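Each chain gets a letter, A, B and so on, in the order the sequences are listed, and its residues count up from 1. Note that this is a predicted model, so its numbers are computed, not measured.
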Protein chains: 2
Amino acid sequence: MSENLHLAPLARTWSKRVQLSHADREAILALPFRRETFAKDEYLIREGQQPTECTLLLRGFAYRQKVLRDGGRQIIAFLVPGEFADLQANVLGTADHNVQSLNRSEAAIIPRAVLLELAEVRPAVRRAMWIETLIGASIVREWVVNVGRRDSRARIAHLLCEIAIRLQGAGAGDGAMFDFPVTQEQLADATGLTPVHTNRTLQALRREGLIQLTSGSLKILNWHGLREVGDFDDLYLHQDGAAKQLDSLR
Amino acid sequence: MSENLHLAPLARTWSKRVQLSHADREAILALPFRRETFAKDEYLIREGQQPTECTLLLRGFAYRQKVLRDGGRQIIAFLVPGEFADLQANVLGTADHNVQSLNRSEAAIIPRAVLLELAEVRPAVRRAMWIETLIGASIVREWVVNVGRRDSRARIAHLLCEIAIRLQGAGAGDGAMFDFPVTQEQLADATGLTPVHTNRTLQALRREGLIQLTSGSLKILNWHGLREVGDFDDLYLHQDGAAKQLDSLR
DNA sequence: CGTTAATTTGAGACCATTCAATTTCGGTGG
DNA sequence: CCACCGAAATTGAATGGTCTCAAATTAACG
C-alpha cells in the first residue's frame with residue numbers, strides 16, 4: 001500500500017491534466033513496478049531498442065537525445081519527475097531516440113502490458129496519457145523554433161524560461177530558485193550551440209542581471225527581462241498555473 | 001455512401017498503422033463532414049484558436065508554422081493528405097501553432113465531438129490516432145536535430161529525404177519523382193536558413209547531381225548520395241515500406 | 001504579353017565555431 | 001582538513017559559415 005506511494009508523481013502529473021476519480025488514482029498507485037537508479041549520463045533507453053517495460057522518472061532529471069554520424073549530440077527534451085521516458089517507444093514498438101539521466105536519478109519500471117491495459121480500461125488515464133504526449137510534442141515544436149530561428153542569447157533565455165516554468169509546475173522550485181543540475185555542455189547540446197559560445201552567452205545574461213546559474217541551480221533574477229530576451233510565450237506549455245505564478249513575480 | 005469515399009485518405013493512413021475491421025472502416029467513412037478548399041498560404045488554423053472542428057487534409061499539402069516577435073517564421077512540419085491539421089488543438093483545447101496551406105488544397109471538416117467519440121468507442125481508431133500523433137512527434141524531434149546540429153547542406157538533404165519517403169508512403173510519387181510544390185522560401189523557413197543561402201545550397205546539391213528541384217516537383221537523382229549527405233536514417237519515420245522501396249533504387 | 005512572384009548573383013559584415021590553453025570547481029583519498 | 005584530481009567553466013585569437021542588403025534575372029500566371 002504505502003509502498004506504492006512511490007508512484008505519486010505519476011498521479012500528480014496526470015491529475016493536473018484530467019479529472020481522476022478515486023478509483024483511477026487507486027489503480028494508478030496499485031501498478032506493479034520495480035525501482036531503479038541511474039547515474040549521471042547513464043542511458044534509460046537507447047535508440048533502436050524494443051522495450052517491454054515503461055520507465056517513469058521519479059526523482060532527478062533526464063533528457064532525450066540523438067547522436068549524429070559525426071558524433072555531434074542534440075538534446076531534444078528535458079524530462080522532469082512524473083514523466084515517462086519511453087512511452088512512445090512502448091506504443092510504437094521501437095525507440096527512435098536515446099534517453100539519458102541528467103544527474104543521479106531514480107525511476108519506476110512498469111511492465112508495458114499492464115500500463116497499456118490500464119489505459120485501455122480507464123478513459124481518464126488514457127486521456128491523461130494522450131494529453132501528456134501532445135504537450136510533449138508541443139514543447140518539441142517550440143524547440144524547433146528556438147533552435148531554428150533565434151540567436152544564441154534568445155535561445156538560451158528561452159530555454160531557461162521553459163525550464164523555470166516546468167520545474168515550477170513540477171513543484172521543484174520556489175518561484176525564482178530551481179534545482180536543475182545541468183552543465184553548460186548539456187545546455188549547449190540542447191540549444192544547438194557550442195559549449196564555448198554557450199558559456200559566453202550565459203556570461204552576458206548574468207552581466208545583464210537576468211539570471212544566476214551556478215552548478216546545480218538556476219536562479220531567475222529578472223523574470224520579465226529574461227522573458228523579453230527569450231521572446232518567450234508560455235502558451236505552448238499548456239500549463240497555465242505555473243506560468244501565472246512566475247508572471248506575478250517582481 | 002459513395003459520397004463518403006472522400007474520407008478514404010483517412011482510412012488509408014490509419015490502416016497503415018493498425019488493423020481496421022470492416023466495421024471500423026465503415027464507421028470512419030460514415031463520419032459527417034463538409035469540404036473546404038484553401039488557397040496557397042491560407043490559414044487552416046491559427047495559434048490561440050479553440051477549434052470545435054477537426055481539419056483533415058484530403059488533397060494538396062500544408063505546413064505547421066510559428067511566427068516570432070521579429071517576424072521570422074519557422075516551419076515545424078509538413079502535412080500530407082490523410083493527416084489532421086489540428087487534432088492536437090482539438091484535444092488540448094487551444095492551438096499552439098499555425099497551419100497554412102502549402103499550395104491549393106482541400107480538406108474535410110469534421111465535428112470535433114463526433115471524431116473524439118469515434119475514438120472513444122473504437123479502440124482501433126484511437127490506437128491509430130495515438131500512433132499518428134507519436135509519429136508526428138518523432139518527426140519533429142528529428143527536425144530539432146536537423147536544425148540544431150547539421151550544416152546547411154546536410155540540413156536540406158535530410159529534409160528532402162524525409163519528404164521523398166513520406167510522399168512515397170502517401171502514394172504521391174513513383175519512387176524518384178514527387179509532386180511537391182514548395183518554394184525555396186518555404187524550404188528556408190523549414191530548415192532555419194535564409195532563402196539566399198537555401199538557394200545556394202540547392203545549387204550545390206544539383207551541381208553534385210543529387211537532386212533536381214524545379215518549382216512544383218522534386219526529383220531524386222541519386223538517393224544513396226542524398227542520404228549520405230543528409231546523414232539520413234529513416235528509423236524515426238516508423239514507416240518501413242516506403243523507405244525500403246527507395247533504398248532499392250539504383 | 002505584362003506583371004508579380006520566385007530564383008539567382010555579388011560583396012561585405014557578423015555571429016558562432018574551432019582550437020588550445022588556463023582557471024575554477026567539486027569530490028575524493030590520504 | 002588539506003592535497004590532489006578530473007570535470008567543468010572560462011578566456012583568447014583566428015577562421016568560417018551563414019546572413020544581410022541589394023540588384024538582376026527568370027519563371028509563373030492571368
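Separating the CG atom of B/Asp189 from the P atom of C/dT7 is a distance of 12 Å, rounded to the nearest angstrom. Distance CG (B/Leu205) to P (C/dT8): 12 Å, rounded to an integer number of Å. Across the protein-nucleic acid pair, A/Asn199 atom CG and C/dC19 atom P stand 18 Å apart, rounded to whole Å. Atom pair B/Gln186:CD and C/dT7:C1' shows a separation of 14 Å (rounding to whole Å applied). The distance between atom CG of B/Leu213 and atom P of D/dA27, rounded to the nearest whole Å, is 14 Å. In this entry the distance linking CG of B/Asn103 with C1' of D/dC29 reads 16 Å, nearest Å. The CG atom of B/Asp41 sits 11 Å away from the C1' atom of C/dA5 (whole-angstrom rounding). The separation between A/Arg155 atom CZ and C/dC15 atom P is 14 Å, rounded to whole Å.
A donor and an acceptor atom sit less than 3.5 Å apart, one in the side chain of B/Arg200 and one in the base of C/dG10. The base of D/dG17 has none of its N or O atoms less than 3.5 Å from a complementary donor or acceptor on the side chain of B/Arg153.
Looking at heavy-atom distances under 4.0 Å, B/Leu193 makes contact with sugar-phosphate atoms alone, never a base. Note on A/Arg206: only backbone sugar-phosphate atoms sit closer than 4.0 angstrom, heavy atoms only; bases stay farther off.
Applying the ring pair (Phe, Tyr, Trp, His ring centres under 6.0 Å) test to every pair with at least one member in residues 183-210 of chain A, sequence neighbours left out, gives no pairs at all.
Nucleotides of DNA chain C nearest to A/His197 and B/Gln184 differ in position, and the one nearer the 5' end is that of B/Gln184. Between A/Arg149 and A/Glu185, the residue anchored nearer the 5' end of DNA chain D, judged by the nucleotide with its closest heavy atom, is A/Glu185.
In this model, the phosphate group of C/dA16 is not approached by any side-chain N or O of A/Thr194 to a distance below 4.0 Å at OP1 or OP2. Regarding contacts with the backbone of C/dA6, every side-chain N or O of B/Thr183 stays at 4.0 angstrom or more from both OP1 and OP2. Of the side-chain N and O atoms in A/Gln203, none sit less than 4.0 angstrom from OP1 or OP2 of D/dA9. Neither OP1 nor OP2 of C/dG26 sits under 4.0 Å from any side-chain N or O of A/Lys40.
Dense packing is recorded around CZ of A/Arg206, with more than 12 heavy atoms of other residues, nucleotides or ligands lying under 6.0 Å away.
Between the CZ atom of A/Arg150 and the CG atom of A/Leu159 there is a distance of 10.5 Å, given to the nearest 0.5 Å. Taken from OG in B/Ser138 to NE2 in B/His238, the straight-line distance is 4.0 Å, to the nearest 0.5 Å.
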**Request:** Before giving the answer on ring-ring contact (aromatic ring centres under 6.0 Å, His included), spell out for B/Tyr43 and B/Phe38 the whole-Å C-alpha distance, their side-chain angles and the decisive distance to 0.1 Å.
**Result:** CA-CA 8 Å; B/Tyr43 280 78; B/Phe38 295 90; over 10 Å; no
